[in-house]
Visitor: 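The structure that follows is given in the form of structure tokens.
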Amino acid sequence: MSIFDIIYKYILSNGFGYLSLPISIILTLIIALIITALVPLFVSGWIERKVAARIQSRRGPIFAGKFGLLQNLFDAIKMLGKEIIRNENADKLFLLPSILYGTVVLLLFLIVPLGNKNLAILNVSDNLLLTFILFSYLGLIAILGGIFSGNKFASISAYREGVKTFAFEGIVLLSIFMIGYRSSFSFQNINSVNIIYYPLIAISFLIGIISMIDRGPLDVTNAEQELIGGWRIEYSGLVYGLPLLGDYSLAFIASMIFSILFLGGAGSGILSFIIFWIKTFIIFFILILLRWLYPRPRIDQLINFSWKYIFPLTILNAIIIWMI
Amino acid sequence: MINYKEIKSEELRKEAEELKDKYFLFSIIVVDRINEGKFELNYLFENKENADLINLKTFILRNDPKIDSISDIFPAADYEEREAYDMFGIIFTGHKNLKRILLPEDWPFGYPLRKDFVINDEIRNWTGTDLRW
Amino acid sequence: MNGFEINVGPAHPSTHGVLKFKLTIEGDTIKKAEAEIGFLHRGKEKAAEDVTYMSYLPFVDKIEYVSALNMELLYSSLIEKALNIQISERAKYIRTIMAEFGRIMNHLVFLAAFGEDLGLISEFFWALRERELLMDIIEEISGGRLAPVYIRPGGVFFDFKEGIENKIIEAMEKLEYKIKEVHEYAIIKNSIFKARTKGVGILKKEDAINLGVTGPNARASGINRDYRKLNPYLIYDKLDFKVPVFDEGDAYARCLVRMEEIKESIKIIKEATKNIPKGDYLIKMPWIIKIPPAYTIEIQETPRGEIGMILVSDGSERAYRLKIRSASFFAIKAMEKILEGEKIANFYPILASLDPVMGEIDR
């Protein structure tokens, strides 16, 4: 069961005949677009800005709307009005990576269950593997964006992104396989609280996913201070706003996935709906703290850390559980 | 404690070689004595252990300002000599990289800190020939 | 990629001003580095030949805008030395307290920029929050927050009011607590921080002294040299403070030297505030003064190193030549030498740990 199924059944039962399939597809897409736009603007963007401001002894947005809720919306509107400039060295397709980034975020919102196991927008089998493939697309998009931009700093960033893929993607894939092998490869069927059996794999999954979505202390490729934005240097206007909002959404999606995989999956009923969102917000809060309280390691220190310390922990945990 | 010593401009490298072990170059001060037609150069050295200063004063002619460079003996002289060239037009022979340091490299109006440099409206409205970052 | 040239351009996202480096990189290592300065050249030395001595005071504290009180102190001491004036004891104590305030403010800005360059943006806000404590006190004393024209030839312009000493000591207690609890934990004991700055950007001892590097950068390379102890001015010979010296010469040592200096400055301020003598605070000087022909040299230990001002006067009411020897000028030359063979990812921590201020380099 998914949101698409609910809408289709409702429209079919109201006697639209053969038109009900296209109508329900269009309605589902509209709902998906609204959720994709709403979450980074009002939910995760607002929480992140207020919590980060309180860590830094200031208050965050307070003027736009009550408690600053409309601040991100006004920022997005301002960004729509800026001119899109193209470098003369850039490729013809140089706007493509940014649009692909927004598409990946939209696809992720389509398949992850939003609180209840019947509330995913589309019910695809083997959700977990599809999510991992979409996350690894983010790395490829960053490399493409760096190469297409025609800027030396963007090329350095593309080179660093290729190196960083080598660091953490294998570990995240390994963790996903462990969970999938034990429970199931689709979100709707994971029911056990896996963090009790796999505590070390939970930690390595969290660090790996922070690195894959280019966030927090592990964002060596689009480091704001060092590389002035990495592969996003040459973008302006709408194509700059899409990855920016995508950053806020991806952290939220990552915390949803973590709470499904490790903290007891998405059940059914009102009580588990509320508990699911409480768990998600706690993990999101931890991600915010990690971003604003730690400096950034260097790229070779990152690879060192992942293959010398994180990888053996993962293997150790898998072997212990397999023995028992 | 400050020691003042006046030398000829040809003896500069010999005096600098003697000071190399115990002193480091603090600064090079150029004064434009336009009434006598000379540039006065003061090389100020400071002791590495305590705060003693040695000041070597030489004079070079204003029409043809040339002197030997000491940037291979004292590496600190590299930027100071470039600044003296930039502001006064003194050529330091033997310097590897003598080009303007504080003003843009295509500054067409001469040497600003000389006493006969007058700031007129053309200089005030100059914006630069090309802006290549 | 053989000899790939890249410009770390004049507009930085970090707070070091306009400084341009042309790096020749191969793979991930830097083969050659060349600095270009002069984007902030304002002609301060030429302006000194145009305005009279006392009117030059507002120019002086914009030369090095981060710790402006130290530059004012240097210029006022230069004028007093040229005219052979002795100032009163009370003025000397007040001037020492203001100079040490300037030192703490400068090192707090160093911490802010350093933390931000490594990715910890929150450090910028925390260090500037501590700086507000000091700026409130300076505003109460002198009327200006960052560059008050407060230290003038002859003494200081306003007197300390009643009750300001207690406020100073209270602020120092708060600052000491914050430095120990927040900044040391966030910076010194953080393992990612140590991993990024230990062994990075080593400046050897012989290179440092031959290149003319003085101040905290030299003290982190093992050179035990502090001008306040070698040739004491103001009341530094009566005070009891230590000079921190480390041997490694890497970026971590430069950071540690400045943290220790903040603590020593807090000690100096507390001791000096308790013992201020009574007396006169300003010797009234006329607005137009004439200095007889002489060659005057004044060197002082500012938070960046030894800055010297040399005045060539000719008996008129304007200077004939004023030369400012700045300390970061030589640190940029040292940086060209440090960067050979370093990784490109280490560029920003090394630049941040040398603490250059472009206003003083370009004048």
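Convention: sequence-line order gives letters A, B, ...; per-chain numbering from 1. Since the structure is predicted, the reported quantities are computational estimates derived from the model, not experimental observations.
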Visitor: Specify which of B:Ile119, B:Leu103, B:Leu53, B:Asn42 makes the most heavy-atom pairs with chain C at under 4.5 Å.
Guide: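 If we count pairs closer than 4.5 Å to chain C, B:Asn42 comes out on top.
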Visitor: Can you tell me how far CD of B:Glu83 sits from CZ of C:Arg363, rounded to the nearest 0.5 angstrom?
Guide: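 If we round to the nearest 0.5 Å, C:Arg363:CZ and B:Glu83:CD are 4.5 Å apart.
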Visitor: Got a second to check how far C:Phe39's CZ is from B:Leu102's CG, nearest 0.5 Å?
Guide: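 If I round to the nearest 0.5 Å, the distance is 11.5 Å.
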Visitor: Among C:Ile310, C:Val312, C:Asn231, which has the most heavy-atom pairs under 4.5 Å with chain B?
Guide: C:Ile310
Visitor: Using a cut-off of 6.0 Å, state whether more than 12 heavy atoms not belonging to C:Lys242 lie near its atom NZ.
Guide: no
Visitor: Taking atom NZ as the centre, does C:Lys31 end up with more than 12 heavy-atom neighbours from other residues, nucleotides or ligands that are less than 6.0 angstrom away?
Guide: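 Count not over threshold, so no.
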Visitor: Non-hydrogen atoms of chain C under 4.5 Å away: do they reach the side chain of B:Arg33, the backbone, both or neither?
Guide: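 Both parts, heavy atoms under 4.5 Å.
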Visitor: Are more than 12 heavy atoms from other residues, nucleotides or ligands located less than 6.0 Å from atom CD of B:Glu18?
Guide: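 Yes - once you tally the heavy atoms of other residues, nucleotides and ligands closer than 6.0 Å, there are more than 12.
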Visitor: Which distance, rounded to the nearest 0.5 Å, do you find between the CD1 of C:Ile324 and the OG of B:Ser27?
Guide: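 Answer for the CD1-OG pair, C:Ile324 versus B:Ser27, is 10.5 Å.
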Visitor: Restricting to non-hydrogen atoms, name the atom on B:Asp32 and the atom on C:Tyr320 that form the minimum distance, rounded to 0.1 Å.
Guide: O-OH, 2.7 Å
Visitor: By a 4.5 Å heavy-atom criterion (distance strictly below it), what part of C:Glu206 contacts chain B: side chain, backbone, both, or neither?
Guide: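 Neither part.
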Visitor: Any side-chain heavy atom of C:Ile223 sitting closer than 4.5 Å to one from B:Lys48?
Guide: no
Visitor: Contact part of B:Leu44 toward chain C, heavy-atom cut-off under 4.5 Å: side chain, backbone, both or neither?
Guide: side chain
Visitor: So for atom NZ, which belongs to C:Lys62, do other residues, nucleotides or ligands contribute more than 12 heavy atoms lying within a distance under 6.0 Å?
Guide: yes
Visitor: If you round to the nearest 0.5 Å, how far is CG of C:Leu311 from CD1 of B:Ile29?
Guide: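 B:Ile29 atom CD1 to C:Leu311 atom CG measures 11.0 Å (nearest 0.5 Å).
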Visitor: Which atoms of C:Leu40 come close to chain B, meaning under 4.5 Å heavy atom to heavy atom: side chain ones, backbone ones, both, or neither?
Guide: neither
Visitor: Any side-chain heavy atom of C:His41 sitting closer than 4.5 Å to one from B:Ile101?
Guide: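 A side-chain contact is absent here, since even the closest heavy-atom pair is not under 4.5 Å.
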Visitor: Tell me, for C:Ile299 versus chain B, whether the close heavy atoms (under 4.5 Å) come from the side chain, the backbone, both or neither.
Guide: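 Contact with chain B: side chain only.
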Visitor: How far does CZ of B:Phe26 sit from OG1 of C:Thr214, to the nearest 0.5 angstrom?
Guide: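 It comes to 7.0 Å.
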Visitor: Is it the backbone or the side chain of B:Asn55 that comes under 4.5 Å from a heavy atom of chain C, or both, or neither?
Guide: side chain
Visitor: So for B:Phe117, is it side chain, backbone, both, or neither that comes closer than 4.5 Å to the heavy atoms of chain C?
Guide: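 When you check distances to chain C, atoms from both the backbone and side chain of B:Phe117 fall under 4.5 Å.
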Visitor: Is it the backbone or the side chain of B:Asn47 that comes under 4.5 Å from a heavy atom of chain C, or both, or neither?
Guide: backbone
Visitor: What residue, out of C:Ile37, C:Asp314, C:Asp362, has the most heavy-atom pairs lying under 4.5 Å from chain B?
Guide: C:Ile37
Visitor: Looking at CG of B:Asn97 and CD of C:Glu34, how far apart are the two atoms once the value is rounded to the nearest 0.5 Å?
Guide: 6.0 Å
Visitor: Which region of B:Glu46, side chain (C-beta onward) or backbone (N, CA, C, O), has a non-hydrogen atom less than 4.5 Å from a non-hydrogen atom of chain C, or is it both or neither?
Guide: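 Contact with chain C: side chain only.
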Visitor: At a 4.5 Å cut-off on heavy atoms, which part of C:Phe329 comes close to chain B: side chain, backbone, both, or neither?
Guide: both
Visitor: Report, as yes or no, whether the 6.0 Å neighbourhood of atom CD on B:Glu49 holds more than 12 heavy atoms from other residues, nucleotides or ligands.
Guide: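 No, the 6.0 Å shell around CD holds no more than 12 heavy atoms from other groups.
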Visitor: Could you name the residues of residues 57-77 of chain B that have a heavy atom within less than 4.5 Å of a heavy atom in chain C?
Guide: B:Pro75, B:Ala76
Visitor: I'd like to know if C:Arg325 pairs up with B:Glu80 as an ion pair, taking the criterion as any Lys NZ or Arg NE/NH1/NH2 lying under 4.0 Å from an Asp or Glu carboxylate oxygen.
Guide: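 Salt bridge: no.
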Visitor: By a 4.5 Å heavy-atom criterion (distance strictly below it), what part of C:Lys46 contacts chain B: side chain, backbone, both, or neither?
Guide: both
Visitor: Below 4.5 Å from any heavy atom of chain B, which atoms of C:Ile209 appear? Answer side chain, backbone, both or neither.
Guide: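 Contact with chain B is through both the backbone and side chain of C:Ile209.
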Visitor: What part of C:Tyr295 lies closer than 4.5 angstrom to a heavy atom of chain B: side chain, backbone, both or neither?
Guide: both
Visitor: Flag the pair C:Glu49 / B:Lys115 as yes when at least one side-chain heavy-atom distance between them is below 4.5 Å, and no otherwise.
Guide: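 Yes, their side chains come closer than 4.5 Å.
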Visitor: Restricting to non-hydrogen atoms, name the atom on C:Gly212 and the atom on B:Phe24 that form the minimum distance, rounded to 0.1 Å.
Guide: CA-CD1, 4.1 Å
Visitor: If you count heavy-atom pairs within less than 4.5 Å of chain B, which of C:Lys229, C:Lys337, C:Arg321 leads?
Guide: C:Arg321
